[in-house]
Amino acid sequence: MSVDPLAFVRPCIARMEAYVPGEQPGTGGFIKLNTNENPYPPPAAVLERIRAACNGDLRLYPDASAREVRCRLATLFGVPMETTIVGNGSDELLSIILRAFVDPGQTVAFPTPTYSYYHQLVQTQGGQIRTVDFPDDYALPAGLARTGARVLLLANPNAPSGTLLPLAQVAELAERCAGMLVLDEAYVDFATEGGVRLFERHPNVIVLRTMSKSFSLAGMRIGFGFAVPEIIAQLWKIKDHYNLNRLSLVAAAAALDHIDAMRANARRIGQTRAALTGALRDLGFRVWDSQANFVLAQRQTPPAKILYEALKSRRILVRFFDQPRLRDCLRITVGTPEQVARLVAELDDLIRHP
Ligand SMILES: *Cc1c(COP(=O)(O)O)cnc(C)c1O
């Protein structure tokens with residue numbers, strides 16, 4: 001007897017559209033300004049520690065408690081180790097959090113437009129998505145605290161706008177919302193303030209960080225979570241025991257030992273961001289004030305989709321979103337000054353000679 005294997009797929013999965021990550025061209029010499037990676041390599045000392053860890057010990061499982069990394073996080077942020085957890089990227093931590101808090105039918109709210117992967121994460125749990133539109137200036141939507149959602153997801157700085165909500169407003173949201181507040185601080189090292197320790201006064205807050213952007217380690221898949229120990233203990237039950245491999249654990253510890261290099265890169269990127277923002281505004285783009293390593297730029301003519309395609313044919317990748325709220329928008333990662341100069345020159349040419 002033949003059965004239809006698709007008949008056994010959970011309906012919420014069958015209905016769900018797959019997340020589409022930014023393109024990762026293997027070849028072609030692209031200037032890659034489409035996935036918010038860091039244009040600068042990790043420090044040589046970090047690469048050396050990873051290479052040194054490529055030895056016979058790889059036959060052994062990694063440290064399931066990630067002690068070396070969590071110990072450094074505790075020192076760096078001045079929090080107890082019991083308030084920390086590491087993930088295979090912060091994407092894994094998001095997934096663990098939703099598995100811990102969301103049963104089928106329960107509501108998860110987030111302001112939009114934001115990191116679109118939140119949709120798949122909630123749908124995988126069979127959760128109910130409740131979106132609240134950001135206003136045009138990406139201020140905190142008044143209705144967000146009143147959704148009654150079990151979990152609120154808030155990327156701050158937000159993607160793809162790059163805008164930052166003041167920490168005082170986030171704290172107030174934590175106070176007023178009826179559930180958990182997950183503060184996704186993937187881009188916070190490029191911003192003026194962050195809220196790692198918000199959970200100390202607001203036990204319904206979980207803060208997430210990542211080494212993918214500011215630490216130049218997207219390829220190693222390392223994320224951090226911070227919450228009260230009782231919450232961390234619940235998340236711990238769900239995570240794969242060995243969610244970070246030995247090389248990632250070494251890379252994370254080494255990168256935290258060389259945090260000054262990350263901070264110097266973040267400063268350089270901040271300076272290049274200011275130059276890019278100014279140049280795009282001179283070209284007639286509307287650019288939101290970004291506190292991240294990318295900017296959102298809007299211009300009606302030529303249409304953003306045409307610009308995106310023309311840039312691609314000139315070997316520059318940026319992100320275009322086919323969404324009504326992001327009409328005529330490009331999200332452009334802040335690269336090196338040289339990459340940004342190339343991009344601006346090409347855009348100038350495309351706008352002058354459409
Ligand atoms: C990049 C990003 C993530 C995922 O980071 P990883 O640590 O690479 O999984 C999560 N949230 C936001 C808003 C991001 O931009």
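All values derive from a computational prediction rather than experimental measurement. Each ligand, and each atom within it, is numbered from 1 in the order the structure gives.
For atom 4 (C) of ligand 1, the closest non-hydrogen atom of the protein is Asp91 OD1, 3.2 Å. For atom 5 (O) of ligand 1, the closest heavy atom belonging to the protein is Ser90 OG, 3.1 Å.
The closest approach between any non-hydrogen atom of Lys213 and ligand 1 is below 4.0 Å.
Contact annotation: for Ser212 versus ligand 1, heavy atoms closer than 4.0 Å belong to the side chain alone. Under 4.0 Å from ligand 1, the heavy atoms of Asp184 that appear belong solely to its side chain. Of all the heavy atoms of Arg221, the ones lying under 4.0 Å from any atom of ligand 1 belong exclusively to the side chain. The side chain of Tyr187, and not its backbone, has at least one atom closer than 4.0 Å to an atom of ligand 1 (non-hydrogen atoms only; side chain from C-beta on).
Residue-ligand proximity, Gly89 to ligand 1, at heavy-atom distances under 4.0 Å covers atoms 6 (P), 7 (O), 9 (O).
Between Tyr115 and ligand 1, no N or O atom pair is found at a separation short of 3.5 Å.
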Exercise for the section: Test Asn243 against Glu92 for side chain to side chain donor-acceptor pair (under 3.5 Å), laying out the working first. Expected result: CA-CA 9 Å; Asn243 60 337; Glu92 189 206 15; 3.0 Å; yes
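You'll find the ring centres of Tyr242 and Tyr61 inside the 6.0 Å limit.
Tyr40 carries Arg268 over the face of its six-membered ring, with the cationic atom under 6.0 Å from the centre and within 45° of the normal. In this structure, Arg209 is not positioned above the aromatic face of Phe224 in the sense of NZ or CZ being under 6.0 Å from the six-membered ring centre and within 45° of the axis.
For Tyr187 and Asn36, the side-chain atoms include at least one donor-acceptor pair closer than 3.5 Å. Asn158 and Thr163 form no side-chain donor-acceptor contact under 3.5 Å, judged by distance and modelled atom types alone. Gln123 and Gln128 share no donor-acceptor pair across their side chains, judged by distance under 3.5 Å alone.
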